[in-house]
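Start at 1 and go down the list; that is how both ligands and their atoms are numbered. These values consider heavy atoms only, across backbone and side chains, with no hydrogens, waters or symmetry-generated copies.
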Amino acid sequence: MVHRLRYLFAALGALLPLALSASAQDVPMLGFTSESAAAERQLEARFDGQMNRDNLEAWMRRITAEPFFVGSPHNKENAEWLAERFREWGYETEIAEYLVLFPKPRIRELEMVSPVRYRALLEEPVLADDGTSGVEGRLPAYNAYSADGDVTGELVYVNYGKPTDYEELDRRGIDVRGKVVIARYGGSWRGIKPKVAHEHGALATILYSDPRDDGYFQGDVYPDGPYRMDRGIQRGSVTDMPLYPGDPLTPFVAATADAERMTVEESPAIMKIPVLPISYSDALPLLRAMGGPVAPQAWRGALPLTYHLGPGPATVRVHLEFDWNLEPAYNVIARMEGSEYPDEWIIRGNHHDGWAMGAADPTSGLVAMLEEARAIGVLAESGWRPKRTIVFAAWDAEEPGLLGSTEWVEDHADELREKVVAYINTDGSGRGFLNMGGSHTLERLVNEVAHEVEDPQTGVTVWERAQARRAVSGDDEATSRTDLRISPLGSGSDYTPFLQHLGIASLNISYGGENGGGSYHSQFDSFDHYLRFGDPGFYYGVTLAKTTGRMTLRLANADVLPMRFANFADNVSVYADEVMELLDETRAATERENELIAMNAYALAADPTQTYVPPSATDRVPFLSFAPLRNAVANLERSATTLDSEIQRVMASGLPPAAAEELNRVLMSTERLMTHDDGLPRRPWFRHQVYAPGFYTGYGVKTLPGIREAIEQENWEEASEQIELVSDMLNRVSDALERAVRILNGNEIAQ
Ligand SMILES: [Zn+2]
């Protein structure tokens, strides 16, 4: 009863306007009483004291000594070595194995057959300055899940190969049907390029790295500098990841030995045309042999030539054949059971497979995670235990399309939905600024931690460096809003199955921006490259471990889980404004264009000696009712602010364990409520209604994707349906937040 009264007063207090900021000083750490916060800070100081940069360097040297792609001998050795380390550090460890489709090339041929003959090299050179550039057993450069094929056609240059690029080609009367397209990397995820090319009738897609985006235009090239050298090639997967990631043959189910599998021909995620990545050294003769109209200014790269669109006269033959084998993927799963809430899990993951030498991607993040796991192991040796269970996961087969993590998540979906509090991901990392991505219910936690980690180069906090960088680049909010916004997550690493399939609050954390690019998915993503340009001395490696280690430890030990909702509501309201503006802008642009078409302006403004096909008029854009969405956002803002201030208030005096437990069950379920069982239109695997990778952008995020993509595709009926569905979802979240407030009022404490 005493408690009940105290909660009642707390509830009344929350109604006073200045309650939120006035009590900010009373709460030293999100979700901890001042007593438990003091203990937590001591623990974190001991954790920091364990950090040893030499470990990171030694482990990276070992892991990257030989290629370790899925199914390679060193990949298996690494998995076993990782499992041994986790066991040695006190974790209950298993290797979870799946059988996944991983094609490897048998034939790779690209030849220009006219007007001049040129046979592409398709190989990266061996460099004296790079110790592993000539290593045995390396995988040739290719795009995984390209189709087999032997086709010949005239070349068309399609810029980044985005849908809007094909509209530009339409204006110039250029059709890619029966042609081979050449697209530069960048502007969208690589898998989108062949997908859109195929939709437009192309026979094959060649992908190349243009030096403007990725090469000498950026800076000195390897080995003088970090940037891509002329014969460097970006490998990578071209599965239709925005449809579903994971094993292309087993969507929704785990790829166990006896799983029911589609055939390669049946899988909708596998590309239907051949796709091949090449260097800019191999692209140069092809682009030089092209004719037709000069490419629009924004399409021109940095090669020494005038860019032409074609078609032809350059005509190329693309011949690709693959061995379509199943390979074992080894996920290493290490658990330390929680002392108080063993059935509440914090999962911390990084993949362990690499395309070639994989030093930056993924080993830089992996070795930081290992040091984090080792340090937590040392704390546990002295008798300490996390309150919640901590699971470390080293995923296999991320590179071909998040296969290891996705299959494991599909295998354990029910248990994970029930037990996981949050998933924290890392991947490639380097010298520079803190990159914060994730669920906005964790935005406060991320900011709190960033305020407590020191930047190794300047001695200020990593938060201050991130803030300064944003402020200097013109982001006014960086100096006016209390917290730096964290980026919404699209896809591109192993958080995707957790966040977007199951609705588990997730984070993706890295450092970078001062490490130069250029080695990405090439043979030169090597130990030597990383040591010189990635993070010399591994100062940012241990900074990453301190950052994600704090997040893991705070989530594991908090009295009340550190999810907070005012920041979430604020971000959602920004996204809601954006989709409403998108509709208005689309309407205005359509009206303007229809006017210009009626005036014949496009034709009259064009050079009469050049082919020009004016766009045709389109239907008017209707007004849609956003009232349900506006009401739902207002509702969410109210309930979120009330709950946050309520939690803050009760934390000052502590919370009875039964109430805390009940409250935590609600807090960890909120992200689950942001999913819809049927998924997004035409892609049921993706269920999150706030964040999704764009259907036509790939890794790039679309927030409120159901509404946003319906407007972009001008599907007004679907847009209206999605406004209703998203509003219902936000109202479900608000209901949960109100239930949490009632628990704090003492009305709903479980018996
Ligand atoms: Zn990676």
Side-chain angles (χ1 to χ4, degrees), residues 56 59-60 63-64 67-70 72 74-75 78-79 82 100 102 139 141 143-145 185 189-191 214 233-239 241 245-246 277 329-332 347-370 392-409 423-430 435 437-438 487 489-499 506-513 515-527 529-530 534-535 540-541 544 548 693 698-700:
L56 278 67
W59 294 334
M60 180 181 281
I63 292 167
T64 64
F68 53 102
F69 55 87
V70 191
S72 65
H74 193 53
N75 173 287
N78 279 345
L82 288 163
V100 297
F102 184 63
L139 206 54
N143 290 124
Y145 310 112
Y185 271 123
W189 181 60
R190 82 175 76 72
D214 190 5
I233 308 175
Q234 182 191 140
R235 293 151 181 75
S237 173
V238 291
T239 173
M241 209 177 321
Y330 304 106
N331 294 325
V332 184
I347 306 185
R348 172 74 183 87
N350 196 108
H351 69 98
H352 75 75
D353 66 307
W355 263 121
M357 305 321 294
D361 178 9
T363 310
S364 59
L366 180 64
V367 294
M369 183 177 86
L370 290 179
F392 282 96
W395 309 116
D396 200 354
E398 188 270 358
E399 292 297 3
L402 322 179
L403 278 63
S405 57
T406 299
E407 298 312 314
W408 190 78
V409 164
Y423 173 70
I424 303 171
N425 190 69
T426 51
D427 197 329
S429 191
N435 300 312
S487 325
L489 294 176
S491 189
S493 196
D494 294 301
Y495 51 80
T496 281
F498 290 92
L499 178 66
S506 299
L507 293 173
N508 188 46
I509 304 293
S510 68
Y511 285 87
N515 46 338
S519 67
Y520 178 63
H521 286 187
S522 84
Q523 188 62 31
F524 308 122
D525 181 3
S526 60
F527 182 76
H529 188 291
Y530 195 79
D535 177 21
Y540 280 92
L544 179 63
T548 48
Y699 285 173

Is there a donor-acceptor contact under 3.5 Å from the side chain of [X] to the main chain of [Y]?
X	Y	result
S364	G428	no
D353	E399	yes
N143	S237	no

If you consider just the N/O/S atoms, which atom of H351 is the closest one to the Zn ion (ligand 1)?
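Distance check against the Zn ion (ligand 1) picks out NE2 in H351.
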Is there an N/O/S atom in E399 at a distance below 2.8 Å from the Zn ion (ligand 1)?
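It does not; every qualifying atom lies at 2.8 Å or beyond.
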Within less than 2.8 Å of the Zn ion (ligand 1), any N, O or S from D361?
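Yes, since at least one N, O or S atom of D361 sits under 2.8 Å from the Zn ion (ligand 1).
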Using the six-membered ring wherever Trp is involved, compare the ring planes of H521 and W355 and label them parallel, tilted or perpendicular (cut-offs 30° and 60°).
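Aromatic pair H521/W355 classed perpendicular.
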